[in-house]
Every structure is written in structure tokens, then in C-alpha cells.
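In what follows, a single structure is set out as C-alpha cells and then discussed.
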Amino acid sequence: MLTIWGRLSSINVQKVVWAAGEVGQPFERIDAGGTFGGLDTPEFQAMNPNRQIPVLRDGEYTMWESSSILRYLAARYAAGVLWEEGPARRALADRWIDWM
């Protein structure tokens, strides 16, 4: 199961939550950031040295930066559907991720 750290009032957390649903992966979301705090703990800093949300854990793998998380989820769980193998077609999706 995926774990997503971040508050739902963050657009970057919202897009990661949406992507997890789109790729059909169950997840647990842990409120962090803003009024929830928790970003200054040593445990959170070990996951993201920038101390920002969202953070994603997939098994033993942990990553941060929302656009990178979107690409990871698409490639890992929706190859051929949300993750195009051809670079030209994949670039069409990438530009929308980056434009955000």
C-alpha cells in the first residue's frame, strides 16, 4: 500500500492523491504541513530534506516532488495507459505535468 504525506488543501497533494486513485493503488494519507505541522521532525527530514509535501512511500521506496511522483506512479502502475513508452507521446503528458 502507498503512503502519502500531505494535507488535502495542497494542490500538489491533491494531484498525487488523484494519480494514486487513477492507477488503482490503495493508499493511506497522513496529514502533514500547514496547520498539521510535522515537517520539521528528523523523521520527515529523512524522507524529504526540503521539508515539503507531498512525500510518497511505496514499500521501501520513498520520494518527494509532486511531478516526479506523478511520473513514478504512471510508469510503475499504468504503463501503456498513463505512461506512454514512446518519447514523443510521453512528452505530451509531461508538458501538462510541468505546466501545472
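Closest non-hydrogen pair, N50 versus N48, comes out as N-OD1, 2.8 Å. The heavy-atom pair separating I53 from S10 by the smallest distance is CD1-CB, 4.0 Å. Taking all atoms of both residues into account, the shortest heavy-atom contact from R7 to D31 is CA-OD1, 4.0 Å. Pairing each heavy atom of I4 with each of A20, the nearest pair is CD1-CB, 4.2 Å. Of all non-hydrogen atoms in Q45 and R51, the two that sit nearest each other are OE1-NH2, 2.6 Å.
With values rounded to the nearest 0.5 angstrom, Q52 atom CD is found 9.0 Å from N12 atom CG. Here the CG atom belonging to L73 is positioned 12.0 Å from the NZ atom belonging to K15, to the nearest 0.5 angstrom. Here the CD-CG distance, from E65 to L70, works out to 9.5 Å after rounding to the nearest 0.5 Å. Note that the CG atom of L39 and the CH2 atom of W5 stand 12.0 Å from one another [nearest 0.5 Å].
A single hydrophobic cluster is not seen to contain both I11 and I30; linkage of ILVMFWY side chains at heavy-atom distances under 4.5 Å, directly or through other members, places them apart. Tracing side-chain contacts under 4.5 Å through hydrophobic residues (I, L, V, M, F, W, Y), one never reaches F36 starting from F27; they form parts of separate clusters. Cluster annotation: V23 and W83 are assigned to distinct hydrophobic clusters (Ile/Leu/Val/Met/Phe/Trp/Tyr, side-chain heavy-atom contacts under 4.5 Å, transitive).
Checking D58, I69, V55 one by one against M63, the side chain to side chain contact (heavy atoms under 4.5 Å, CB included) holds for a single residue, I69.
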For this session: For L2 and Y77, run side-chain contact (heavy atoms from CB on, under 4.5 Å): C-alpha distance rounded to whole Å, both residues' side-chain angles, the deciding distance at 0.1 Å, then the answer.
Result: CA-CA 12 Å; L2 304 174; Y77 296 108; 4.2 Å; yes
For this session: Decide side-chain contact (heavy atoms from CB on, under 4.5 Å) for L56 and T62; before the verdict, give the C-alpha distance in whole Å, the side-chain angles of both, and the deciding distance to 0.1 Å.
Result: CA-CA 6 Å; L56 173 80; T62 303; over 6 Å; no
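Contacts of Y72 classified as ring pair (Phe, Tyr, Trp, His ring centres under 6.0 Å), with partners at least two apart in sequence or in another chain: Y61.
Using modelled atom types, one side-chain atom of Q14 and one backbone atom of L8 make a donor-acceptor pair closer than 3.5 Å.
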Kindly list each side-chain donor-acceptor pair under 3.5 angstrom involving residues 88-95, sequence neighbours excluded, with atom names and distances?
{"unit_1": "R90", "atom_1": "NH1", "unit_2": "E84", "atom_2": "O", "d": "2.8"}
{"unit_1": "R90", "atom_1": "NH1", "unit_2": "E85", "atom_2": "O", "d": "3.3"}
{"unit_1": "D94", "atom_1": "OD1", "unit_2": "R71", "atom_2": "NE", "d": "3.0"}

